[in-house]
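Quick caveat: nothing in here was measured; it's all calculated off a predicted structure. Atoms within each ligand, like the ligands themselves, are counted from 1 in listed order.
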Amino acid sequence: MKRTWWKEGIVYQIYPRSFMDSNGDGIGDLRGIETKADYIASLGVDIVWLNPVYSSPNRDNGYDISDYEAIMEEFGTMADLESLIEVLHRRGIRVVMDLVVNHTSDLHPWFRESRSSKDSPKRDWYIWKPAKAGGPPNNWKSCFTGSAWERDSRTGDYYLHLFDPGQPDLNWENPELRRAVYAMMRRWFARGIDGFRMDVVTLFSKDPSYRDLMPGEGMFSGTAPYVYGPRLHEFIREMRREALSGFDVMTVGEAPGSTVENALELVGEDRGELDMLFQFELMGIDHVDGDKWRQRPIDLVEMKRIIERWQLGLAGRAWNSNYLMNHDQPRSVSRFGDDGCFRTESAKALLLLNLSLGGTPYIYQGEELGMANAAFDSISDYRDVDTLNYYKEARAAGVAEDEVMRSISYMSRDNARRPMQWSAGRNAGFGSGLPWIGVNPDYMTVNAEAEEADPSSVLNFVRSMTRFRKEHKVLVYGSFELLAHDDPKLFAFLREGEGERLFVEVNMSGDVAKAAMPSSGMTPLISNLGSSANTAADRLEPWEARISALHRVSSPV
Ligand code: NOJ
């Protein structure tokens, strides 16, 4: 497979609203990010992905864009963004922006024009349908609860919004709209950005039948008539030709509904479509019947199977992107680790795991500190539209308050969106003004300043681990072989290639675990328990994670 910077790079994801507030208005901003450029560089990451920074009325925190080429006022100006890009570039860090073109804001001039009349020249840029039997055109559901159709009083027709009513879906069937999107993308590349993370890319093409969803179908099932629709590949190839060719940029598609099979058609290296995608199989691991608000415990054996399927399934044909959390998911240490007794150990173990897999690793802000989930007592403290809608719907359906709040405390997207914890000072050092969303009270102990000073912190471990990955290209390009498939505690695998053979072992439990191989014939290289750890032993301490070099072929014990 071809070698490139985005395969060898490590991505750091920044949610600007919650990263650093430079002007005291309680909202993170671009200048705030710039003041942390040295910190970002110190993590050993190569690429920064910025969540949307464009003009937006913020129904969905910037995923409802009203101008693709203007910056959200609270975040700063285009000059601030250009300065940030320059400052990061100077440190050798590339910048990837979010591309949200499945939908716009309802305040985008395109939609204002489109909704003005049935004869509007932009009418066809969005998806309008007449009522059916006095109601919506079909039974599609919005990802944020309720019907995916909104009746517009101006004409009586309905428009499609797979997310909030303030996020009308664009009609990708319209060639003029597509041309406008490609031209906008090219202008962004001309401003010097290095790629796009493409929001819900697998939803661009809708099945023209607009048939009803069948029981069990939804955004993440892949068979829904708006997921991997009939013209998706045609659109993406056209986008590559018209917008991407000639630029050395990376593309990663957010890809609900992906399986290894359909993913290969979107990111296969021979396909000429996208470079990478975010699959959701792992993120669905604790959902009951695909419903994220109904949760079950994580089964490690299943987690290993999912990761193995993607590691092997794309090997030699496409490139994985590995993440354990992002701005839409619970904090990784609270979900896959143990944010109680073993917060530090398990946060490091998860970082070691994610940074040892084949593919491009993504680290989400605060993950490098082991920041954890934090529930609010009252629904009025939550900010996320998805969470608030679910609360209303579930309560109206009679689900008990404590049950709803329990589910929200674990799964709400606000867990990942609480302010970055910079210090034990006021507002966790996020800024002088009252933050737009409350800080996690644990900031007194969990914060960057404290971790900076502590050699055994999660922060200092992640730095060692990013360095380690750079020094061992086998972790980037080597083969993957899972061991001990059925072991309920141990996540162990081999990476081989580039003249090296590495053995990765992670004890994903709070108990002692038995090693998967005898320790003879291997040299311990890195461990999350540091040099004090008994890394040569045939057992692993709770949440111990380590990588060793194998000198000879040992057989599993
Ligand atoms: C996926 C984004 O990651 C999420 O935050 C957003 O709400 C939806 N797409 C809609 O744009």
Pairs under 3.5 Å, nitrogen or oxygen of ligand 1 with protein nitrogen or oxygen:
from, atom 1, to, atom 2, distance (Å)
ligand 1, 3 (O), R197, NH2, 3.0
ligand 1, 3 (O), H327, NE2, 2.7
ligand 1, 3 (O), D328, OD2, 2.5
ligand 1, 5 (O), H327, NE2, 3.1
ligand 1, 5 (O), D328, OD1, 2.7
ligand 1, 5 (O), D328, OD2, 3.4
ligand 1, 5 (O), R413, NH1, 3.4
ligand 1, 7 (O), D60, OD1, 3.4
ligand 1, 7 (O), D60, OD2, 2.5
ligand 1, 7 (O), R413, NH1, 3.0
ligand 1, 9 (N), D199, OD1, 2.8
ligand 1, 9 (N), D199, OD2, 3.2
ligand 1, 11 (O), H103, NE2, 2.9
ligand 1, 11 (O), D199, OD2, 2.7

Report task. Kindly say whether the aromatic ring centers of Y364 and W49 come within a distance under 6.0 Å. Result ->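 So the answer is no for these two rings.
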Query raised in the report: For the rings on F278 and Y323, is their centre-to-centre separation under 6.0 Å?
Result: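 Centroid separation for F278 and Y323: below 6.0 Å.
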Query raised in the report: Would the number of heavy atoms belonging to other residues, nucleotides or ligands and lying under 6.0 Å from CZ of R31 be above 12?
Result: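 It does not: R31 CZ has 12 such atoms or fewer within range.
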Report task. Return the orientation label for the H233 and Y228 ring planes: parallel under 30°, perpendicular over 60°, tilted otherwise. Result ->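 H233 vs Y228 ring planes: tilted.
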Requested in this report: Over 60° means perpendicular and under 30° means parallel, so classify the ring planes of H108 and Y68, tilted if in between.
Outcome: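 Tilted, since the angle between the ring planes falls between 30° and 60°.
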Requested in this report: Applying salt bridge (Lys or Arg N to Asp or Glu O under 4.0 Å) between R178 and each of E173, E238, E234, report the one that passes.
Outcome: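 One option only clears the test, and that one is E238.
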